[in-house]
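Please read the structure below before turning to the comments.
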2 protein chains.
Amino acid sequence: MPDSIDNLDAVDRQILAELQSDGRMTNVELARRVDLSAPPCLRRVRRLEEAGIIRGYHAEVDPVALGWEITFFALVGLESQKQTLLQAFQEEVKQWPEVRECHMIRGGGDFLLRVVARDTAHENALTNRLTSHATVSRVQTLQTIHTAKQVPGVPLEM
Amino acid sequence: MPDSIDNLDAVDRQILAELQSDGRMTNVELARRVDLSAPPCLRRVRRLEEAGIIRGYHAEVDPVALGWEITFFALVGLESQKQTLLQAFQEEVKQWPEVRECHMIRGGGDFLLRVVARDTAHENALTNRLTSHATVSRVQTLQTIHTAKQVPGVPLEM
DNA sequence: CGAGGCCATGCAAGGATATTGCGCTTGAAA
DNA sequence: TTTCAAGCGCAATATCCTTGCATGGCCTCG
């Protein structure tokens, strides 16, 4: 099993909490915060990375500043629940750069997508592309007009 | 205006693309990729940070490995669209550590939340807390059973 | 057309950080 | 008690970050 470690102690969790909130912190600073010297701290980070518990590090960018004015979620229902068609739909949207997330929803044949668009016209084009897709029977668009909270990952402050 | 810069050239966008995909890359490596020497590269990164175009850096962790077995989205409808009540709801869920994202949806009185839970019982407790909230009239739970695509931020590979 | 100023770059030096090897302590099991 | 494995800190080296400074392109204005 590449991910998950038998033993994950309080120091590991604190490392994860710190890196989840500031992924570019230097190892020296991280070591100081978890009250360890630098080498064992770095070894723990490497271990968490290799175990797959840390999947990567990402800069969080401002979508609007980069020309992506619209973020919306699309609740997509497929006509069929056949495994091959579900798979085909996922493979399709995986290749759309504007689709940033694609989650299969419990209950069968539904997906929730997070999508970004440059403007309203672009948004319409994207929803049309979804609607006109062969296996899609229904698309509900949930356009974000304000984000009150946006924190990464999971709670770790315990 | 603290965020947005008048001029954002191809090198800046490439820097953002690289850091969005690997936020812990060293500046030397980043400079090599965008074909710059280290000092001007670092100055550009600092400029993007101070302009608010880079909002932060985060480690991406594995929720299941850390005991958060369930990720679900909640589509919450409020009874009223009064500004003070919308505000109150947002302030409320901001304080719930399990609620990681709260987006106000166009159309009035609806929110889309991303929520994590330790198990099914925990999930039920959270949805009940939502449903029983004074101003909430309707909660639709969209439980994720599989994530086909999950990439951060916005498209930048152009 | 040329001089000046602005902006961004590259080079170089120092200080800080990352990374490896090694010896030590600790705690559990034989 | 002895043994062993896991994890720590220290020390040394390699790498990286950061700042100051000089150079060159480019636009503007005289």
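Scope of the values below: all heavy atoms of this structure, side chains included, with no hydrogens, waters or symmetry mates. Just so we're on the same page: letters track the sequence lines, and every chain starts at 1.
When the local axes at the two ends of the helix from dC1(C)-dG30(D) to dA13(C)-dT18(D) are compared, using 5 base pairs at each end, they differ in direction by 10° after rounding to 10°.
Every residue two or more places apart in sequence or in another chain was checked for a salt bridge (Lys or Arg N to Asp or Glu O under 4.0 Å) with D35(B), and none qualifies.
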Please determine whether side-chain contact (heavy atoms from CB on, under 4.5 Å) holds for the pair L112(B) and F73(B), giving the CA-CA distance in whole Å, both sets of side-chain angles, and the decisive distance to 0.1 Å. CA-CA 7 Å; L112(B) 183 68; F73(B) 292 85; 4.1 Å; yes
Just list the side-chain donor-acceptor pairs under 3.5 Å for residues 77-86 of chain B, sequence neighbours left out, or say none.
unit_1 : atom_1 : unit_2 : atom_2 : d
S80(B) : OG     : K82(B) : N      : 2.8

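Comment: R33(A) does not engage D22(A) in a salt bridge, judged by the lack of any side-chain N to carboxylate O separation of less than 4.0 angstrom. With salt bridges taken as basic N to acidic carboxylate O contacts below 4.0 Å, none links E50(B) and R47(B).
Side chain of R100(B) to main chain of V154(A): a donor-acceptor pair is present (N/O by atom type, distance under 3.5 Å, no hydrogens or angles).
First and last contacting nucleotides of DNA chain D toward chain B (any atom under 4.0 angstrom from a heavy atom, 5' to 3' order): dC16(D) to dT19(D).
Between the side chains of H122(A) and E69(A), not a single donor N or O lies within less than 3.5 Å of an accepting N or O. For the residue pair H58(A) and E60(A), no side-chain donor N or O sits within less than 3.5 Å of a side-chain acceptor on the partner.
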Nucleotides 5-9 of chain C: which of its N/O atoms have a protein N/O under 3.5 Å away?
unit_1 : atom_1 : unit_2 : atom_2 : d
dT9(C) : OP1    : R44(B) : NE     : 2.7
dT9(C) : OP1    : R44(B) : NH2    : 2.6

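Using cut-offs of 30° and 60° for the angle between ring planes, the H133(B) and F89(B) rings count as perpendicular.
Using a 4.5 Å heavy-atom cutoff, the side chains of W96(A) and L130(A) are in contact. Counting heavy atoms from C-beta outward, T71(B) and V115(B) have side chains that stay 4.5 Å or more apart.
For R24(B) and Y57(A), the positive end sits near the middle of the six-membered ring, less than 6.0 Å away and at most 45° from its axis.
Within residues 21-29 of chain B, the residues approaching DNA chain D are T26(B), N27(B), V28(B), by heavy-atom distance under 4.0 Å.
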